[in-house]
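In each ligand, atom 1 is the first atom listed, and ligand 1 is the first ligand listed. In what follows, every heavy atom counts, from backbone to side chain, and hydrogens, waters and symmetry copies are set aside.
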Amino acid sequence: MQIEMFRLPKFLRRRMALVKPKRFPDQEAYAAFFDARARLLAGDDMDILEYPDRETQKHIFSRAISLAKLEGRTILDVGCGLGYLKGFLDEQGITYKSYLGVDLSKAMVRGAKERFGEFFAWRDVLSDPFPENSFDVVFLISVLGYPIGEDPEAYMKKLLTTLFRFTREAFVFTHLMPGRRDEPSDFTYPPEKLLEWCRTALSPHAKALVEDPPWVTYYVAVYKDPQTMPGGIEPGLI
Ligand SMILES: C[S@@+](CC[C@H](N)C(=O)[O-])C[C@H]1O[C@@H](n2cnc3c(N)ncnc32)[C@H](O)[C@@H]1O
């Protein structure tokens, strides 16, 4: 069955990959979607990861990492996909202490190991969480944006609350800006509302970075302690 799928012409595989459900019943179904993309779109990593191109991915990474101090820090990258954040950090010469990428998709973890080495693991951090304060910095990049479960907002908040517990210093994540893209499967959330929720539910030390003009992606950073905020506040930070 699988072998037959690989025999399909490339244009047909690409077409199949464009079919997206309006919502995922649970996070396992969301991960299975990425398993399928990894097979259907093999050979085009940015397509698998749903980035228009590498430049966009690098732009998003550079904005996200600007929101945390990384030198000498331990880093957890949740929803690491094919591991490109690890490659980017190394390319930039950032002297972090350690990096671990985790993902719910086995195909993604396999792909990340092939590309960047043994720094990746399959793990469901909701059912098998890390202890509190296990990492200095936690990233969640380009993971939120699809409706998961019966109540996508509740799922998102549960995931954010869980990940914030793992961090000693900063938790940085991205989300989708409402009104910037017109895909029926998008789950967007207004940055001001999410920032307000973070400040109330997670920590008063939270910031959002919305670029001007707004991109599809915006960034939120939540800090355990204001001392851990990097200096040089960016324009666009609210
Ligand atoms: C669009 S990819 C982004 C990958 C990577 N962060 C990047 O920017 O290149 C989203 C990834 O998140 C993973 N994912 C979704 N929900 C997850 C969860 N709760 N825990 C771990 N990984 C998750 C998917 O399997 C997929 O590999």
Side-chain angles (χ1 to χ4, degrees), residues 17 20-21 23-42 44-65 67-68 75-91 99-116 119-130 135 137-149 152-166 171-176 181 183 185-187 215-220:
K20 292 181 184 179
R23 71 169 52 233
F24 293 95
D26 49 40
Q27 59 173 15
E28 286 69 28
Y30 183 34
F33 167 73
F34 279 99
D35 275 335
R37 287 184 78 82
R39 288 206 190 96
L40 283 168
L41 299 168
D44 191 337
D45 288 1
M46 291 306 112
D47 248 13
I48 294 172
L49 297 165
E50 300 195 285
Y51 283 111
D53 48 54
R54 273 227 72 193
E55 287 320 301
T56 305
Q57 188 195 43
K58 282 186 176 183
H59 175 86
I60 290 172
F61 286 168
S62 66
R63 289 307 176 133
I65 70 168
L67 295 172
I75 297 173
L76 174 69
D77 178 16
V78 178
C80 60
L82 293 170
Y84 276 85
L85 179 64
K86 164 87 170 79
F88 183 76
L89 293 169
D90 294 343
E91 229 172 77
Y99 168 97
L100 173 66
V102 295
D103 203 288
L104 269 180
S105 153
K106 293 202 166 89
M108 290 297 196
V109 173
R110 208 178 311 121
K113 286 184 175 177
E114 282 162 15
R115 285 160 184 75
F116 299 103
F119 302 95
F120 307 91
W122 182 91
R123 184 156 177 154
D124 175 359
V125 293
L126 286 181
S127 63
D128 182 17
F130 291 100
F135 300 89
V137 180
V138 177
F139 288 108
L140 182 76
I141 301 181
S142 302
V143 175
L144 301 177
Y146 280 106
I148 314 290
E153 183 171 342
Y155 171 78
M156 172 187 76
K157 289 178 174 173
K158 185 175 166 196
L159 187 61
L160 297 179
T161 307
T162 303
L163 299 189
F164 187 63
R165 271 195 220 116
F166 301 161
F171 170 38
V172 180
F173 64 93
T174 67
H175 209 324
L176 293 185
R181 199 166 74 166
E183 291 197 22
S185 54
D186 281 352
F187 167 62
W215 278 48
V216 171
T217 297
Y218 67 89
Y219 310 79
V220 178

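Ion pairing of R39 with D35 is absent here, as no side-chain N (NZ or NE/NH1/NH2) approaches a carboxylate O to less than 4.0 Å.
Legend: residues meeting salt bridge (Lys or Arg N to Asp or Glu O under 4.0 Å) with E28, ordered by chain and number and at least two apart, are absent. Residues forming a side chain to side chain contact (heavy atoms under 4.5 Å, CB included) with D128 (at least two apart in sequence, or on another chain): R123.
Note on ring orientation: taking the six-membered ring where Trp is involved, the planes of F24 and Y30 are tilted (angle from 30° to 60°).
Ring-centre distance between F171 and F173: below the 6.0 Å cut-off.
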Please tabulate, line by line, the atom pairs linking an N/O of ligand 1 to a protein N/O at a distance below 3.5 Å, with the distance in Å to 0.1, or answer 'none'.
{"unit_1": "ligand 1", "atom_1": "6 (N)", "unit_2": "G79", "atom_2": "O", "d": "2.7"}
{"unit_1": "ligand 1", "atom_1": "6 (N)", "unit_2": "I141", "atom_2": "O", "d": "2.8"}
{"unit_1": "ligand 1", "atom_1": "8 (O)", "unit_2": "Y51", "atom_2": "OH", "d": "2.5"}
{"unit_1": "ligand 1", "atom_1": "9 (O)", "unit_2": "Q57", "atom_2": "NE2", "d": "3.1"}
{"unit_1": "ligand 1", "atom_1": "19 (N)", "unit_2": "Q27", "atom_2": "OE1", "d": "3.1"}
{"unit_1": "ligand 1", "atom_1": "19 (N)", "unit_2": "Y155", "atom_2": "OH", "d": "3.2"}
{"unit_1": "ligand 1", "atom_1": "22 (N)", "unit_2": "L104", "atom_2": "N", "d": "3.3"}
{"unit_1": "ligand 1", "atom_1": "25 (O)", "unit_2": "D103", "atom_2": "OD1", "d": "2.6"}
{"unit_1": "ligand 1", "atom_1": "27 (O)", "unit_2": "D103", "atom_2": "OD1", "d": "3.2"}
{"unit_1": "ligand 1", "atom_1": "27 (O)", "unit_2": "D103", "atom_2": "OD2", "d": "2.7"}

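A salt bridge (charged side-chain N to carboxylate O under 4.0 Å, His left out) check over residues 104-115, counting only residues at least two apart or in different chains, returns the pairs D45-R115, K113-E118.
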